[in-house]
S.K.: 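After the C-alpha cells below, expect a handful of questions from me.
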Amino acid sequence: MKILATMVLVATLAGSAFAQGPTPAAKGVTYGTTTTEEGAVPVTELSAKMSNDQFSGKISGKVTEVCQERGCWMKLEKSNGEAMMVKFKDYGFFMPKDIVGHDVVLDGEAVVKEVSVKQQKHYAQDAGKTKAEIDKIKAPKKETQFIAKGVLVL
C-alpha cells in the first residue's frame with residue numbers, strides 16, 4: 001500500500017511539473033543552454049553569413065510570433081517582411097507565450113529546408129490563424145529555419 005501511495009504522489013508531482021509553463025520572458029532570462037549576446041549576428045544579416053545553406057553560431061532578432069499551443073516554436077522578424085521559423089533542439093525547452101515583441105539571442109544552427117503544405121498548415125493552426133488563412137496555403141516552400149539550443153532574452 002505504501003508503494004502505491006508513493007507512486008501516486010510521484011505521478012502527481014511529475015504531472016504538475018510538466019503542467020507549468022516556461023518562466024515569463026524578461027531581460028536576462030535564458031531558455032535551454034546558457035548563451036550570451038557576444039558575437040551574435042543580426043537575423044537581417046544571416047543570409048550573407050550562410051555557407052552551403054547552413055550557419056552555426058548566434059543570431060539576434062525580434063520575436064514576431066510564438067506557438068500558442070505550447071511555445072514549441074517562434075518566429076523572428078527579417079528585413080524583407082517575412083519571418084524566420086525557430087525550433088528548439090530536441091524539443092528540450094519551450095518559449096513563454098509572452099515573448100512576442102522581445103529581442104532575443106539564439107545559439108544554434110540555421111538550415112534551409114523545404115516545408116510541406118501539411119507542416120505549414122500545422123504551424124498556422126498552432127499560431128491561431130483563421131481557417132481562411134490556413135486554406136490559402138497551397139504549395140511547399142523553401143525557408144531558412146533556426147534550431148536553437150539556447151535563447152537569451154535581451
Side-chain angles (χ1 to χ4, degrees), residues 14-15 17-154:
F18 285 112
Q20 295 174 359
T23 304
K27 185 175 181 165
V29 175
T30 59
Y31 304 91
T33 60
T34 302
T35 190
T36 65
E37 202 173 340
E38 186 178 329
V41 173
V43 71
T44 55
E45 298 173 17
L46 179 60
S47 295
K49 300 287 185 181
M50 292 183 75
S51 175
N52 296 321
D53 287 339
Q54 295 183 333
F55 170 86
S56 185
K58 297 178 193 176
I59 63 170
S60 61
K62 183 179 292 263
V63 179
T64 59
E65 200 172 348
V66 66
C67 173
Q68 292 301 299
E69 290 297 315
R70 296 187 335 195
C72 53
W73 55 262
M74 67 182 178
K75 292 187 178 183
L76 293 187
E77 180 177 52
K78 291 171 48 179
S79 59
N80 63 0
E82 294 180 8
M84 183 178 69
M85 174 62 75
V86 177
K87 297 179 183 180
F88 311 108
K89 187 165 177 71
D90 300 325
Y91 286 99
F93 58 97
F94 300 103
M95 292 292 104
K97 295 176 188 173
D98 71 343
I99 199 161
V100 172
H102 287 271
D103 289 315
V104 293
V105 170
L106 310 174
D107 188 2
E109 297 178 351
V111 294
V112 175
K113 289 189 167 190
E114 184 169 293
V115 184
S116 69
V117 170
K118 181 179 178 180
Q119 193 66 47
Q120 289 178 66
K121 288 185 176 197
H122 174 78
Y123 293 145
Q125 230 175 357
D126 281 354
K129 303 287 184 193
T130 66
K131 183 174 178 354
E133 290 172 300
I134 294 169
D135 289 343
K136 288 180 183 176
I137 300 169
K138 303 276 186 200
K141 69 175 183 175
K142 279 197 171 199
E143 69 177 19
T144 301
Q145 295 185 354
F146 198 87
I147 310 302
K149 59 184 178 184
V151 178
L152 168 65
V153 180
L154 300 178

S.K.: Is it true that a side-chain atom of Thr144 and a backbone atom of Val111 form a donor plus acceptor pair closer than 3.5 Å?
M.R.: no
S.K.: Who passes ring pair (Phe, Tyr, Trp, His ring centres under 6.0 Å) against Phe94, sequence neighbours left out?
M.R.: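 Result, ring pair (Phe, Tyr, Trp, His ring centres under 6.0 Å) vs Phe94: none returned.
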S.K.: Taking all heavy atoms of Val105 and all of Ser60, pick out the closest pair and write down the distance.
M.R.: CG2-CB, 4.1 Å
S.K.: Taking all atoms of both residues into account, what is the closest heavy-atom pair of Ile134 and Lys129, and its distance?
M.R.: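 Heavy-atom minimum between the residues: CD1-O, 3.7 Å.
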S.K.: Between Glu133 and Thr130, is there a donor-acceptor pair closer than 3.5 Å when you use the side chain of the first and the backbone of the second?
M.R.: yes
S.K.: Heavy atoms, side chains only, cut-off 4.5 Å: are Ile59 and Phe146 in contact?
M.R.: yes
S.K.: Could you list the donor-acceptor pairs under 3.5 angstrom formed by side chains in residues 114-125, with sequence neighbours left out?
M.R.:
from, atom 1, to, atom 2, distance (Å)
Ser116, OG, Gln119, N, 3.0
Gln119, NE2, Tyr123, OH, 3.4
Gln120, NE2, Val115, O, 3.2
Gln120, NE2, Ala139, O, 2.9
His122, NE2, Asp126, OD2, 3.3
Tyr123, OH, Lys87, NZ, 2.6

S.K.: Could you check if a side-chain atom of Val43 sits within less than 4.5 angstrom of a side-chain atom of Met84, using non-hydrogen atoms only?
M.R.: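 Side-chain contact under 4.5 Å: yes.
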S.K.: Just do the side chain to side chain contact (heavy atoms under 4.5 Å, CB included) check on Met95 and Val151 with the steps written out, would you?
M.R.: CA-CA 9 Å; Met95 292 292 104; Val151 178; 4.0 Å; yes
S.K.: Indicate yes or no for a side-chain donor-acceptor contact from Asn80 to the backbone of Glu82 under 3.5 Å, with no hydrogens or angles considered.
M.R.: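 Looks like yes, one N/O pair under 3.5 Å.
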S.K.: Please determine which of Val104, Leu152, Leu106 meets the side chain to side chain contact (heavy atoms under 4.5 Å, CB included) test together with Thr35.
M.R.: Leu152
S.K.: For Gln68 and Ala127, which heavy atoms make the closest approach, and how far apart are they?
M.R.: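 The pair with the smallest heavy-atom distance is CG-O, 4.3 Å.
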S.K.: Given side chains that start at C-beta, do those of Tyr91 and Cys72 come closer than 4.5 Å, heavy atoms only?
M.R.: yes
S.K.: Looking at Met74, Lys75, Glu65, Gln145, which hits side chain to side chain contact (heavy atoms under 4.5 Å, CB included) with Val86?
M.R.: Met74
S.K.: Quick check against the 3.5 Å criterion: does Tyr31 have a side-chain atom that pairs as donor or acceptor with the backbone of Pro96?
M.R.: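 Judged by distance alone, no pair lies under 3.5 Å.
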S.K.: Verify, without hydrogens or angle tests, whether Lys58 (side chain) and Thr36 (backbone) share a donor-acceptor contact under 3.5 angstrom.
M.R.: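 Confirmed, Lys58 side chain pairs with Thr36 backbone.
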S.K.: Is Lys78 atom NZ crowded by more than 12 heavy atoms from other residues, nucleotides or ligands, each under 6.0 Å away?
M.R.: yes
S.K.: I need the Lys149 NZ to Asp107 CG distance, nearest 0.5 Å.
M.R.: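 Nearest 0.5 Å value for the NZ-CG distance: 4.5 Å.
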S.K.: I'd like to know whether Met50 forms a side chain to side chain contact (heavy atoms under 4.5 Å, CB included) with Val112, so could you lay out the CA-CA distance, the side-chain angles of the two residues, the decisive distance to 0.1 Å, and finally the verdict.
M.R.: CA-CA 10 Å; Met50 292 183 75; Val112 175; 4.0 Å; yes
S.K.: Please report the closest heavy-atom contact between Glu109 and Ser56, naming both atoms and the distance.
M.R.: CG-OG, 3.9 Å
S.K.: Assess whether side chain to side chain contact (heavy atoms under 4.5 Å, CB included) is satisfied between Leu154 and Glu37, documenting all intermediate values.
M.R.: CA-CA 8 Å; Leu154 300 178; Glu37 202 173 340; 3.6 Å; yes
S.K.: Between Leu46 and Phe55, is there a side-chain heavy-atom distance shorter than 4.5 Å?
M.R.: yes
S.K.: Work out which heavy atom in Ala25 is nearest to a heavy atom in Asp98; give both atom names and the distance.
M.R.: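 Looks like N-OD1, 3.1 Å.
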